[in-house]
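Heads up: numbering here begins at 1 and tracks the sequence.
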Amino acid sequence: MMKTRKFLMVLVAIFMGSQVALFAQEKNDARPQRRQFTKEQMQEMQCNQIIKGLALDDATAAKFTPVYKKYMEEMSATRMMNARKKTENKTTADKQAPKPVPTDAEVEQAIKARFAQSRKMLDIREKYYNEFRKFLSPKQIQKMYNMEKRNGDKFRKEMNKRQGAKGQHDGKRRVAQSHAKK
């Protein structure tokens with residue numbers, strides 16, 4: 001009788017443990033997957049958001065859309081200018097190795113590349129300002145720039161949040177800068 005009771009209790013404990021594990025697994029699987037958008041879809045959504053934000057009529061929106069898409073493509077290509085140079089010629093082993101401390105010449109080269117990138121972005125903005133000005137008021141253009149900045153800030157915040165979430169699960173402990181020096 002005692003052996004039977006122990007056997008039944010062990011059996012119940014195993015059964016309950018397996019149910020908890022199954023429930024936890026179902027909960028993780030039930031989490032909705034984040035939808036991945038293509039670059040073109042993201043540009044289309046941003047363009048539509050700006051059209052709505054500026055409350056453009058159909059005729060103005062028809063003029064705005066192709067110009068804005070070209071503008072975004074040029075700006076995107078310019079933003080990626082320095083990033084491509086950094087990732088070219090890197091093997092998987094290079095990406096996993098600790099980063100060496102850059103020399104003064106490398107730092108100076110990076111700063112000058114950033115200056116060139118900023119100049120090119122300014123030239124693009126000026127060029128397209130003149131294009132946008134053909135059918136938008138200066139206030140509308142300023143509002144568009146502000147909306148772009150907010151979108152960029154949201155995107156960076158989301159990326160940092162996602163990278164932080166990845167970093168928490170890699171087995172490394174993260175310490176805040178303010179507490180690290182104590």
Side-chain angles (χ1 to χ4, degrees), residues 32-56 60-170 172 174 176-177:
Q33 294 294 321
R34 286 190 175 123
R35 184 168 175 204
Q36 297 294 320
F37 295 105
T38 65
K39 181 180 169 184
E40 290 78 22
Q41 289 172 324
M42 292 289 285
Q43 286 179 340
E44 188 71 32
M45 288 188 308
Q46 185 170 351
C47 186
N48 290 335
Q49 181 186 18
I50 290 176
I51 288 170
K52 286 179 187 173
L54 297 177
L56 300 180
T60 308
K63 294 175 191 173
F64 175 81
T65 301
V67 175
Y68 187 73
K69 285 183 178 180
K70 281 176 152 179
Y71 162 76
M72 284 199 314
E73 286 171 15
E74 286 189 40
M75 289 296 277
S76 179
T78 304
R79 281 187 196 103
M80 300 308 287
M81 193 168 70
N82 291 336
R84 271 189 236 117
K85 290 177 185 173
K86 289 178 188 176
T87 57
E88 286 176 0
N89 305 323
K90 280 194 176 184
T91 63
T92 312
D94 291 338
K95 292 177 184 174
Q96 293 174 350
K99 293 180 183 177
V101 177
T103 64
D104 283 346
E106 290 170 332
V107 171
E108 184 174 14
Q109 184 181 8
I111 290 170
K112 287 183 177 181
R114 242 181 277 138
F115 288 157
Q117 181 185 34
S118 295
R119 272 188 216 98
K120 186 163 171 73
M121 290 176 78
L122 181 59
D123 291 344
I124 292 167
R125 278 185 164 232
E126 275 190 77
K127 170 185 164 184
Y128 281 95
Y129 173 82
N130 293 324
E131 290 295 314
F132 291 132
R133 191 64 188 96
K134 292 175 184 174
F135 46 83
L136 295 178
S137 72
K139 286 181 181 180
Q140 287 176 311
I141 295 170
Q142 183 61 52
K143 187 172 181 179
M144 176 188 75
Y145 289 154
N146 291 343
M147 291 172 74
E148 283 181 333
K149 179 158 178 24
R150 277 194 305 274
N151 284 342
D153 291 346
K154 284 180 191 176
F155 183 74
R156 273 187 291 285
K157 188 175 179 180
E158 179 65 24
M159 287 302 291
N160 288 339
K161 188 171 106 178
R162 288 183 187 187
Q163 287 173 351
K166 286 180 186 176
Q168 290 174 359
H169 301 294
D170 64 0
K172 295 179 183 175
R174 304 277 187 238
Q177 289 294 331

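- Taken from CZ in Arg125 to OG in Ser118, the straight-line distance is 11.0 Å, to the nearest 0.5 Å.
- For Phe155, the CZ atom sits in a loose shell: 12 or fewer heavy atoms of surrounding residues, nucleotides or ligands are nearer than 6.0 Å.
- Put simply, the side chain of Arg119 never gets that close to the backbone of Leu122: no donor and acceptor are under 3.5 Å apart.
- One finds a salt bridge joining Lys161 and Glu158 here, because a Lys/Arg side-chain nitrogen approaches an Asp/Glu carboxylate oxygen to under 4.0 Å.
- For Gln142 and Asn146, the side-chain atoms include at least one donor-acceptor pair closer than 3.5 Å.
- Between the side chain of Lys120 and the backbone N or O of Thr78, no donor-acceptor pair lies under 3.5 Å.
- Taking 4.5 Å as the limit, every side-chain heavy atom of Met72 sits out of range of all side-chain heavy atoms of Met75.
- Side chain of Gln41 to main chain of Thr38: a donor-acceptor pair is present (N/O by atom type, distance under 3.5 Å, no hydrogens or angles).
- Checking side-chain atoms of Gln117 against main-chain N and O of Arg79 turns up a donor-acceptor pair under 3.5 Å.
- Between Tyr68 and Tyr71, the ring centre distance stays below 6.0 Å.
- In Asp104, the CG atom is not crowded: 12 or fewer heavy atoms of neighbouring residues, nucleotides or ligands sit closer than 6.0 Å.
- Residue-environment remark: CE (Met42) stays at or below the threshold of 12 foreign heavy atoms within 6.0 Å.
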